[in-house]
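Working notes, beginning with the structure itself.
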Amino acid sequence: MIQLKSMLNCIDNSGASLVECVMIVGRKRHASIGDRIVAVVQKNRNSSEAGMNASSAAGKVKRGDIRHAIVVRTKKKVQRPDGSVVRFDDNACVLVNKAGDPVGTRVNSVVGAELRRKKWAKILSMAPTHA
């Protein structure tokens, strides 16, 4: 259950580490797994700590960028149609462009299988495994 001001981990290799939800796309109050949100990048992956200047950073996004994202994990329990319940340790997302294509080329962690029902098969295929 993601709402305004919720902080999410970004689990792709787009360059963002932590994002903040500023809007939920659609007429919803809360976002769940597979929903699209608008997020602001709050923290980058360690690109500047290694002595690199900001112009040579490999990340595709920088702090303060406003991007669309897909929620892939939530701490709130989600009930599946077969009756099982799934709950993750954190809130996480994957950054996408407005067309729905992922910004990064790799997903580093587990994503929820609910993405399949909501037509996000491209993110599901990039993930190492889904729960």
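Note that this is a predicted model, so its numbers are computed, not measured. This chain uses plain numbering: 1 for the first residue, then up along the sequence.
- Residue His68 is tested with Ile37, Val25, Leu95 for a side-chain contact (heavy atoms from CB on, under 4.5 Å); the sole match is Val25.
- Residues Pro102 and Ile123 have side chains in contact (heavy-atom distance under 4.5 Å, counting atoms from C-beta outward).
- The minimum heavy-atom distance linking Met126 with Gly104 is given by the pair CE-O, 4.1 Å.
- In this structure, CG in Asn97 is found 11.5 Å from NZ in Lys60, a value given to the nearest 0.5 Å.
- Taking the side chain as every heavy atom from C-beta outward, Val86 and Arg80 approach each other to under 4.5 Å.
- Listed here is the closest heavy atom pair of Gly100 and Trp120: O-CZ3, 3.6 Å.
- A salt bridge links Lys28 with Asp35: at least one charged nitrogen is closer than 4.0 Å to a carboxylate oxygen.
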For this session: Just do the side chain to side chain contact (heavy atoms under 4.5 Å, CB included) check on Met1 and Thr74 with the steps written out, would you?
Result: CA-CA 6 Å; Met1 189 186 306; Thr74 58; over 6 Å; no
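- Rounding to the nearest 0.5 Å gives a distance of 10.5 Å between CG of Leu18 and CG of Asn91.
- Here SG of Cys93 is found 5.0 Å from CG of Leu8. Values are rounded to the nearest 0.5 Å.
- In this structure a side-chain-to-backbone donor-acceptor pair under 3.5 Å is present from Arg63 to Gln42.
- Atoms CD and NZ, from Gln79 and Lys77 in turn, are 10.5 Å apart once rounded to the nearest 0.5 Å.
- When side chains are defined from C-beta on, Arg29 does not count as touching Ile24, because their heavy atoms never get closer than 4.5 Å.
- Residue-environment remark: CZ (Arg106) stays at or below the threshold of 12 foreign heavy atoms within 6.0 Å.
- Between Asp89 and Lys75 there is no salt bridge, since no side-chain nitrogen of the basic residue lies less than 4.0 Å from a carboxylate oxygen of the acidic one.
- Under the side-chain contact (heavy atoms from CB on, under 4.5 Å) test applied with Val111, the options Thr129, Val72, Val71 reduce to a single match, Val72.
- Closest non-hydrogen pair, His130 versus Leu124, comes out as CB-CD1, 3.8 Å.
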For this session: Show your reasoning for whether side chain to side chain contact (heavy atoms under 4.5 Å, CB included) applies to Lys122 and Asp101.
Result: CA-CA 8 Å; Lys122 192 174 286 190; Asp101 298 325; 3.1 Å; yes
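- In this structure, Ile70 CD1 and Leu115 CG are separated by 8.0 Å, a value rounded to the nearest 0.5 Å.
- At least one donor-acceptor pair closer than 3.5 Å links the side chain of Arg73 to the backbone N or O of Val110.
- When all heavy atoms of Ser109 and Ala127 are compared, the closest pair comes out as O-CB, 4.1 Å.
- Residues Glu114 and Val78 are in side-chain contact: their nearest non-hydrogen atoms beyond the backbone lie under 4.5 Å apart.
- Counting only distance, with no hydrogens or angles, the side chain of Asn9 and the backbone of Ile11 share no donor-acceptor pair below 3.5 Å.
- A donor-acceptor pair is defined here as one N or O able to donate and one able to accept, closer than 3.5 Å; no such pair exists between the side chain of Lys76 and the backbone of Ser32.
- Atom CZ of Arg117 and atom CD1 of Ile33 lie 9.5 Å apart (nearest 0.5 Å).
- Under the 3.5 Å distance criterion, with hydrogens and angles disregarded, a donor-acceptor pair is assigned to the side chains of Thr105 and Asn13.
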